[in-house]
Amino acid sequence: MQYLEGLNDRQIEAVLATEGPISVLAGAGSGKTRVLTTRIYHLIRQGVAPESILAVTFTNKAAREMKERLATRLEANGPLPFVATFHGLGREILQQYGQPLGIPRFFTIFDRDDSERVIKEGLKALDVDPKEIAPRFVLSRISKSKSEGISQQEFSQKSSRESFRNRIAADVWKRYEEALKKEKALDFDDLIVLPVKLLQTNADVRRIVQNRFSHIHVDEYQDTNALQARFIDLLLSPTQNVFVVGDIDQCVYSWRNATIENLLEFEKTYPNAKTIILEHNYRSTKNIVDAANQVISLNRNRKEKRSITDNAAGERIVIHPEDSAEREARYVAREARNSIRAGTAPQEIAVLFRTNFQSRALEEAFLAEGIPYKLLGTRFFDRKEVKDVLAWVRLALEPSRESDRARAVQTPPRGIGKVTLGKIIAGKQEAFKPSEKAKVATFEAIINSLSQASEGELPSVFVRMVIEKSGIQALLEKGSEDDQERLENIKELATLASRYDSLPGKEGISLFLTDAALASDQDELDRKQNSGGVTLMTVHAAKGLEFDTVFVTGLEEGLFPHEARESDEKRDEEEERRLFYVAITRAKRRLYLTFARIRRIYGSDFISEPSQFLRDIDPSLTDYQENSEREYEDIIEL
């Protein structure tokens, strides 16, 4: 078994544990992805059919990397294991077996903007100002309820005895579900809720799916919520061949309803389970590993696990205070510039922050220093021109989608106003004026032509066809420099669609639309890798990534750790510490921890206390460096 060479004893144990429920507690940098892919490869070498192996991840990026590793190892054009995100798995099951629930073969998926738009319309229909009750609040209530297995009817009954905001949310939810049904669409949460419902209520489908997958793998199991854990359980055959990998110390998504108990209580759920601990860190220097151990050991709600490494001690961790957020940002930019000059590739440097507002000062500093950077935030798929093209693609697949029709008819403008659009939607074609008839006929002819093409064209060819036939390409070609950049973005969309050309026609196009709707921040980082800049992102977005040099900024009480939320205060404190653990374990060689003594928030200056997390690290591991450049006349004595 040459493929086991280079693995340590615990990793080999995990790879060879092929039967029954197995949980692997994998510390940061412990090679869990290598273990997962090697185990799957081992199963195939032992005679397990690739198509009967399932691997579930949380991001498209992680799924794509796993597929690529497996394809390289197998070196064949035969079937591969089914690797997907939770939402991608839900989509597959609903598309293949969802007919008993009345789900069409090719449904569309509402992204967050679609959902908020419909909810906003629902609020207005109830004469509620969206400024008083935010659509995002309502969507959050709906999403939380769905993830807890609470139906719209149950929520409505419960909310009738609760606050005005919850009663409004219940009424809007009903309208929201009607809109989804009318548009033949599902939202993100439906991709988990409905497969669970299907598997629970339909024994025939459950048996088919359980027979389809003999071995199931779940990455980042600590990030699952109760419904996702139930989803996996329903997929298991009586042999219960489930292999979960996770790190309790990296559970940082409770605000997405992730529950640490799924991993903590795995042995209670599956009494015959075996637990294997991967403690060897191959990523970071010993100083960084020791600091991470010291920080996380203060949490109580965890399983004992202490990372070890054979790596050298390396450089001490730099702790650096500055007198303001602006000076902190300038320090970070200068140190990043020095690292680049010393030979570190810009894409091997990351600047992490707890909350999005911190990025402003950092961006200004990097611009002033002339250092290329990429900021995760505005996703490629959130750009207007990209959403315009996607609306046309969805409309071609499902011409009855009113929201996409309303967007497409105005992109590019073709002289069809809201009144005419209203007549189209209401089916009152007889009320058209002669001038309206011609314009509408031209628009409908384009849709019909694209709809026919969607039956057999490759996804990449079809997207190029949409860009051209819709008139969007001609519109942007005649525009400004900004329009030229927009044109490049939609051409990139066609490039991305080529990934799905192995599935021609509606099947490939539908999968392309699904992945576009489910794209994450890390997928956006993947798209930007070639730009070669320093990465600026939140700590949450950095989870699962690694860099040579990492700056963790804003380490001040109230900012990081963030002030306790309304939920259980002790639980929040432990999650904040886990988030700091995630931040520092992204670093391979150099780690900088910075804070500002004074930070301006909402126009007011606040004197800040250094974060308690800095006191959790033994001073022998750190190098405390005072302000590099002081402008004494502006400094407030502390």
Side-chain angles (χ1 to χ4, degrees), residues 1-50 52-57 62 65-66 69-70 72-74 81 83 213-224 229 232-233 235-251 260 262-284 286 289 292-293 296 302-311 544 546 585:
M1 295 184 183
Q2 290 184 341
Y3 52 88
L4 297 180
E5 291 180 4
L7 299 179
N8 64 41
D9 290 345
R10 294 285 75 77
Q11 290 174 326
I12 292 173
E13 182 183 1
V15 168
L16 299 182
T18 58
E19 303 300 321
I22 310 290
S23 71
V24 176
L25 302 183
S30 60
K32 68 178 179 64
T33 303
R34 184 181 180 188
V35 167
L36 263 173
T37 53
T38 304
R39 183 182 193 265
I40 293 171
Y41 180 70
H42 173 69
L43 286 170
I44 295 170
R45 290 289 297 267
Q46 297 301 306
V48 178
S52 69
I53 298 173
L54 169 67
V56 187
T57 70
E65 287 176 352
M66 192 177 296
R69 288 196 190 197
L70 288 169
T72 300
R73 281 201 157 183
L74 293 171
V83 183
F213 299 120
S214 65
H215 291 77
I216 295 175
H217 305 74
V218 187
D219 194 12
E220 304 287 5
Y221 193 69
Q222 79 282 347
D223 290 335
T224 55
I232 293 299
D233 190 63
L235 295 173
L236 294 178
S237 65
T239 57
Q240 292 190 328
N241 291 332
V242 58
F243 183 88
V244 305
V245 182
D247 185 359
I248 290 164
D249 297 331
Q250 295 188 63
C251 182
I260 199 170
N262 288 342
L263 192 52
L264 276 172
E265 300 182 0
F266 188 81
E267 291 90 343
K268 289 183 181 179
T269 306
Y270 304 101
N272 59 330
K274 179 179 182 179
T275 297
I276 301 168
I277 300 176
L278 304 183
E279 295 180 308
H280 206 112
N281 184 303
Y282 294 94
R283 174 188 301 159
S284 307
K286 190 174 186 303
V289 170
N293 282 330
I296 204 62
R302 63 189 294 263
K303 288 191 175 183
E304 184 57 37
K305 171 176 60 62
R306 185 175 181 82
S307 293
I308 58 174
T309 186
D310 296 329
N311 293 339
E546 59 181 48
T585 54

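- For the pair D233/Y270, a side-chain contact is recorded, criterion being any heavy-atom separation below 4.5 Å from C-beta on.
- Across all their heavy atoms, G27 and Q250 have their closest contact at C-NE2, 4.5 Å.
- For the pair A292 and T585, the tightest heavy-atom approach, listed with the atom from each and the gap, is CB-CG2, 3.6 Å.
- The closest side-chain heavy-atom distance from R69 to V83 is not below 4.5 Å.
- To the nearest 0.5 angstrom, T38 atom OG1 is 8.0 Å from Q11 atom CD.
- Summarising the geometry, atom CG belonging to N272 is positioned 6.0 Å from atom CD belonging to Q240; distances are rounded to the nearest 0.5 Å.
- Side-chain contact between P81 and I44: present, with at least one pair of heavy atoms (C-beta onward) separated by less than 4.5 Å.
- Within the structure, the salt bridge (charged side-chain N to carboxylate O under 4.0 Å, His left out) test picks out no pair touching residues 36-48 (sequence neighbours left out).
- Within a 6.0 Å sphere centred on NZ of K305, heavy atoms belonging to other residues, nucleotides or ligands number more than 12.
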task = Mind running side-chain contact (heavy atoms from CB on, under 4.5 Å) on L235 and V242 for me, showing each step along the way?
result = CA-CA 10 Å; L235 295 173; V242 58; over 6 Å; no
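- No side-chain heavy atom of Q222 sits under 4.5 Å from any side-chain heavy atom of I260.
- The main-chain N or O of T224 is found under 3.5 Å from a side-chain atom of N262 such that the two form a donor-acceptor pair.
- N293 places a side-chain N or O within 3.5 Å of a backbone atom of S307 that can act as its donor or acceptor partner.
- Between V245 and H217 the shortest side-chain heavy-atom distance does not fall below 4.5 Å.
- The aromatic rings of F266 and Y221 sit perpendicular to each other, their planes meeting at more than 60°, with 30° as the lower class boundary.
- The NE2 atom of H215 lies 7.0 Å from the CD1 atom of I53; values are rounded to the nearest 0.5 Å.
- Here the straight-line distance linking atom CZ of F243 with atom CD1 of I276 works out to 6.5 Å at 0.5 Å rounding.
- Taken to the nearest 0.5 Å, the CZ atom of R73 stands 10.5 Å off from the CD1 atom of I40.
- The salt bridge (Lys or Arg N to Asp or Glu O under 4.0 Å) test applied to R302 returns D249, E304, not counting sequence neighbours.
- No donor-acceptor pair under 3.5 Å is formed between the side chain of S52 and the backbone N or O of V48.
- The minimum heavy-atom distance linking T239 with S214 is given by the pair OG1-O, 4.4 Å.
- Scanning for side-chain hydrogen bond (donor to acceptor under 3.5 Å, both in side chains) contacts around N311 gives T309, with sequence neighbours left out.
- Side-chain atoms of E220 and T57, non-hydrogen and from C-beta on, never get closer than 4.5 Å to each other.
- Contact between T18 and V15 at its shortest, heavy atoms only, is CG2-O, 3.8 Å.
- Looking at L36 and V24, their side chains never come closer than 4.5 Å, going by heavy atoms from C-beta outward.
- In this structure, R283 contributes its side chain and A28 its backbone to no donor-acceptor pair below 3.5 Å.
- Closest non-hydrogen pair, C251 versus D223, comes out as CA-OD1, 4.1 Å.
- Residues Y282 and N8 form a side-chain contact, since some pair of their non-hydrogen atoms from C-beta on lies under 4.5 Å apart.
- Expressed to the nearest 0.5 Å, how far NZ of K303 lies from CD of E267 amounts to 3.5 Å.
- Side-chain N or O atoms of N281 include none that pairs as donor or acceptor with a backbone N or O of I308 at under 3.5 Å.
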